[in-house]
Structures are given as structure tokens and as C-alpha cells.
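As C-alpha cells, the structure follows; a few thoughts come after it.
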Amino acid sequence: MSTAPRRDEAPAPRARPRATMRDVAALAGVSIKTVSRVVNGETGVSVAMSERVKAAALELSFQPDLIAGNLRRTGRRSRSLGLVLASVDNPFCASIHRAVEDVAHSRAVAVFSASTDESPERERALVAAFTARRVDGLIISTACAPQDYLQPEVDAGTPIVLVDRPPVNLTVDTVLVDNTAGARGATAHLLRRGHRRIAFLGDLTTIATARDRRNGYLLAMRTAGAPVDPALVVENLRSVDDAFEAVQRLLRAPEPPTALFTSQNLVTIGAIRALRSLGLHHDVAVVGFDDFDLADLLDPAVTVVAQDPVAIGRTAAERVFARLEEPHLPPAETLLPTRLVVRGSGEIMPRPAIVSAL
């Protein structure tokens, strides 16, 4: 694991105070009471004046403080963190969540968490909801690119750590996994077993990690001089069912693959179900990216490229608390390695005659 300041970036600027109702009132040329009425959706304000207040609030990136009656942020904290993940019911995200929660619990801090479902609009809404509640820090597996919508929070001094996906147009702490190296190693493992027709099954191409894993697959294939058949590169799979159907189609094709590299845990599960439904789970090799429960108990047990989501969550949470104590720390990137866990499914040798018999 390596942690270092991002080489081409200067230390974070000093925090700029959040805009208040007083600031909005001054810019709009109205009273604080008028701003309060607009913010709280009360009557008694003309349309023109309401629009003036909203324009001023937008210009100042103003967020109403939903707990202002109980919390004055003059050196005090809400003792809460906001955690925004792709899907909290995904085992990978759930492990990150639990690790963040354990670190926060040891400091008597609560964690609010929610799922983006890979929707940029939902992500922005969740971040707005959490910041309106004045969370002390944010940990985000972002669906947005670029993420410059977060700049007002960075300017206000909110510690933000991006996990799993790199920042674009934003200078913040990050905790990443070497996805390209992990995918390259998984594909190379299959190539060493004699496979040449290796299918790649990927997540949404809008996700940076999905693109990195595809690139690792392609790099391994090209390094080995193995042909890359475009028909074997299937992307934008978002569920177990999507992967099940994709693998069924691949294996019923005239020239099916002899091995699968499944680049996400739900995709791996769907692929295994498809292989078992066709009776090919002992004939077609599989290496999956991300471990999952019971992978070691299947027949054959599933060879995986394992990340350490607990380390991701723990590192991210610790970075938030470090920045709360030392706000002017330079942004750092932590790059975590993967490891290949050999269990059996990835060691099956090519059997093209059996597969083609379908």
C-alpha cells in the first residue's frame, strides 16, 4: 500500500466559510426573514423576490442548515459522516460500509449511508442532503465525472475522500485499487492455462474501474499475442441476470469462449449460474474480480482477484479523521494492491470440443 501527496498538486487551499442566510440576504438585497421564508417554502414572498433569493443562494452555493437550532459550527462538529456508495446491498460496498462504521464508532461518530445506483443525479442529491445536515466529512464512491460539483464543500473545509474511483477536476484524498494490474493478472492466469478465447464481461463503461479492468484484460491479451475477438468483449452488465443472459449467448455461439474473466462480483455470480445451467461449470474456466460469500464452497470453487474492501473503508475513514485534525494536509492518493486467490475454476484447461458441442 502506498500513500503519498499527489505529485502535481499543491496543498489544499484554506477553508472558506459556508454561505449563511445573512450572506444570501445581503446579495439579494432582502431581509434575513425573507430568505428564511423562501428557504422554508413559506408564503408571503412575491415570485420576483423569491427568484432573486434563489439566484443569490445558487451563486453562493448556499445549503440550508437543517440542524442549525441544535448546532452552531463555530468550532463544533455534528459527529457524523456521510457515506455515498454505488449500492449498499452489494457485498463489496457493504464491507466498505462496515469498515467505515467501525472506525467511526471507535470515535463516537455516526455514519449516514446511501446508494447512488450509479446515478449522477442521485449522487448529487444525496451529497446535498448530507451536507445540509452538516456531516463532518464525506466518503464517496462517485458515479459523477467530473466531480467539480463538490468544490464548494472542499472550499468550506469539509473533508472528502473518494474511494474506488479516481477524482476528475477535483483535488481531494483518494483510496483506490490497482484495477488494471489485477485484471491483467487474472487474464494472464487464464492465458498460462492455454486459453486464447477468453471472454471479458464488464460493468458500465461509464465507471472508471470498469474501464481499468477492461484495459488490464486487453493489455494481457496483447502482451501474450492472443487475438481479441470483439464478440467476446461484453460490457454494461449491471446485474446477475444481465450476466446470466450474456454468458448463455456467448456459450451458444458458433465459436464460444473457453474461459471467462468476469470483472465484478455480481457478474461473476450470473456467469456461474449460466455455466451450471448448461452443465459447463467443469469445462469453462472462470476468474472473477472481487471475492464473494461462498465462492470457496462452490464446485469448482471460484478463483478470484480479491480486493480488500475493509482496508478501503478503514483507510478512507482514517483519512477523514486525520483531515479533521489537520485540515491543511496535502491531498493524498492511497493505492491498494489486489491478490489472485486460486481455488479451481480458473485452473480448468481449454476444452473447446465439449463447449462447441452445445
Exercise for review: Please confirm whether the backbone N or O of Thr43 pairs with a side-chain atom of Arg37, one donor and one acceptor, at under 3.5 Å?
Suggested key: no

Practice item. For the pair Val287 and Thr262, evaluate side chain to side chain contact (heavy atoms under 4.5 Å, CB included) and give the outcome as yes or no after the intermediate values. Key: CA-CA 6 Å; Val287 177; Thr262 53; over 6 Å; no

Exercise for review: Would you mind reporting whether Thr187 and Phe200 have side-chain heavy atoms less than 4.5 Å apart?
Suggested key: no

**Study point:** Smallest separation among heavy atoms of Val103 and Arg314, with atom names
**Key:** CG2-CG, 3.8 Å

**Study point:** Test: Arg273 cationic atom under 6.0 Å from Phe244 six-membered ring centre, within 45° of axis
**Key:** no

Check your understanding: Given the rule that I, L, V, M, F, W and Y join up when any side-chain heavy atoms are under 4.5 Å apart, are Leu60 and Val30 in one cluster?
Key -> yes

Check your understanding: For Arg133 and Ser78, what are the C-alpha separation, side-chain angles and deciding distance, and is it a side chain to side chain contact (heavy atoms under 4.5 Å, CB included)?
Key -> CA-CA 8 Å; Arg133 287 161 176 78; Ser78 65; over 6 Å; no

**Study point:** Chi angles and distances behind the side chain to side chain contact (heavy atoms under 4.5 Å, CB included) call for Val161, Ile140
**Key:** CA-CA 6 Å; Val161 179; Ile140 306 173; over 6 Å; no

Review point. Any side-chain donor-acceptor pair under 3.5 Å between Ser115 and Asp117?
Key: no

Review point. Quick one: salt bridge (Lys or Arg N to Asp or Glu O under 4.0 Å) partners of Glu318, sequence neighbours excluded?
Key: none

Practice item. For the residue pair Asp290 and Gln307, confirm or rule out a side-chain donor-acceptor distance under 3.5 Å. Key: yes

Check your understanding: Any donor and acceptor pair, going by atom type alone, linking the side chain of Arg165 with main-chain N or O of Ala208 inside 3.5 Å?
Key -> no

Review point. Between Glu118 and Thr206, do the side chains contain an N or O donor and an N or O acceptor separated by less than 3.5 Å?
Key: no

Check your understanding: Counting distance only, does the side-chain N/O of Thr223 pair as donor-acceptor with the main-chain N or O of Ala220 below 3.5 Å?
Key -> no

Review point. With distance as the sole criterion, is a donor-acceptor pair present between the side chains of Ser31 and Thr34 under 3.5 Å?
Key: yes

Exercise for review: Given side-chain hydrogen bond (donor to acceptor under 3.5 Å, both in side chains), test Asp212 with Thr209 step by step and report yes or no.
Suggested key: CA-CA 5 Å; Asp212 288 344; Thr209 53; over 6 Å; no

Practice item. Go through the steps for Glu153 and Thr158 under the test side-chain hydrogen bond (donor to acceptor under 3.5 Å, both in side chains), then give the verdict. Key: CA-CA 5 Å; Glu153 284 303 313; Thr158 303; 2.7 Å; yes

**Study point:** Stepwise side-chain hydrogen bond (donor to acceptor under 3.5 Å, both in side chains) check, Asn169 with Gln147
**Key:** CA-CA 6 Å; Asn169 291 354; Gln147 300 96 24; over 6 Å; no

Check your understanding: Is Arg79 salt-bridged to Asp136, going by a charged N under 4.0 Å from an acidic O?
Key -> no

Check your understanding: Relative to Tyr217, does Arg184 satisfy both conditions: NZ or CZ under 6.0 angstrom from the six-membered ring centre, and within 45 degrees of the ring's axis?
Key -> no

Practice item. Taking the side chain as every heavy atom from C-beta outward, state whether Ile96 and Leu85 have any pair of such atoms under 4.5 Å apart. Key: yes

Exercise for review: Could you tell me whether the side chain of Gln264 and the main chain of Val267 form a donor-acceptor pair under 3.5 Å?
Suggested key: yes

Practice item. Measure up the Phe261 and Phe289 rings against each other and bin them: parallel (under 30°), tilted (30 to 60°), perpendicular (over 60°). Key: tilted

Revision key, fill the gap. Across all chains, not counting sequence neighbours, the salt bridge (Lys or Arg N to Asp or Glu O under 4.0 Å) partners of Asp173 are Arg319, Arg323

Practice item. Heavy atoms only: give me the nearest Val53-Ala28 pair and the separation to one decimal. Key: CA-CB, 4.2 Å

Practice item. Give a yes or no on whether a salt bridge exists between Arg211 and Asp203, defined as a side-chain N under 4.0 angstrom from a carboxylate O. Key: no

Point to revise | Test side chain to side chain contact (heavy atoms under 4.5 Å, CB included) applied to Val135 and Leu81, step by step | key: CA-CA 5 Å; Val135 293; Leu81 298 181; 5.7 Å; no

Practice item. Would you confirm whether Asn215, through its side chain, and Arg213, through its main-chain N or O, come within 3.5 Å as a donor-acceptor pair? Key: no

Review point. Does Gly344 offer a backbone N or O that forms a donor-acceptor pair with the side chain of Thr303 under 3.5 Å?
Key: yes

Practice item. Considering only NZ, NE, NH1 and NH2 on the basic side and carboxylate oxygens on the acidic side, decide whether Asp296 and Arg343 come within less than 4.0 Å. Key: no

Check your understanding: Does any N or O in the side chain of Thr334 come within less than 3.5 Å of the main-chain N or O of Val175, such that one atom is a donor and the other an acceptor?
Key -> no

Exercise for review: For the residue pair Asn90 and Asn265, confirm or rule out a side-chain donor-acceptor distance under 3.5 Å.
Suggested key: yes

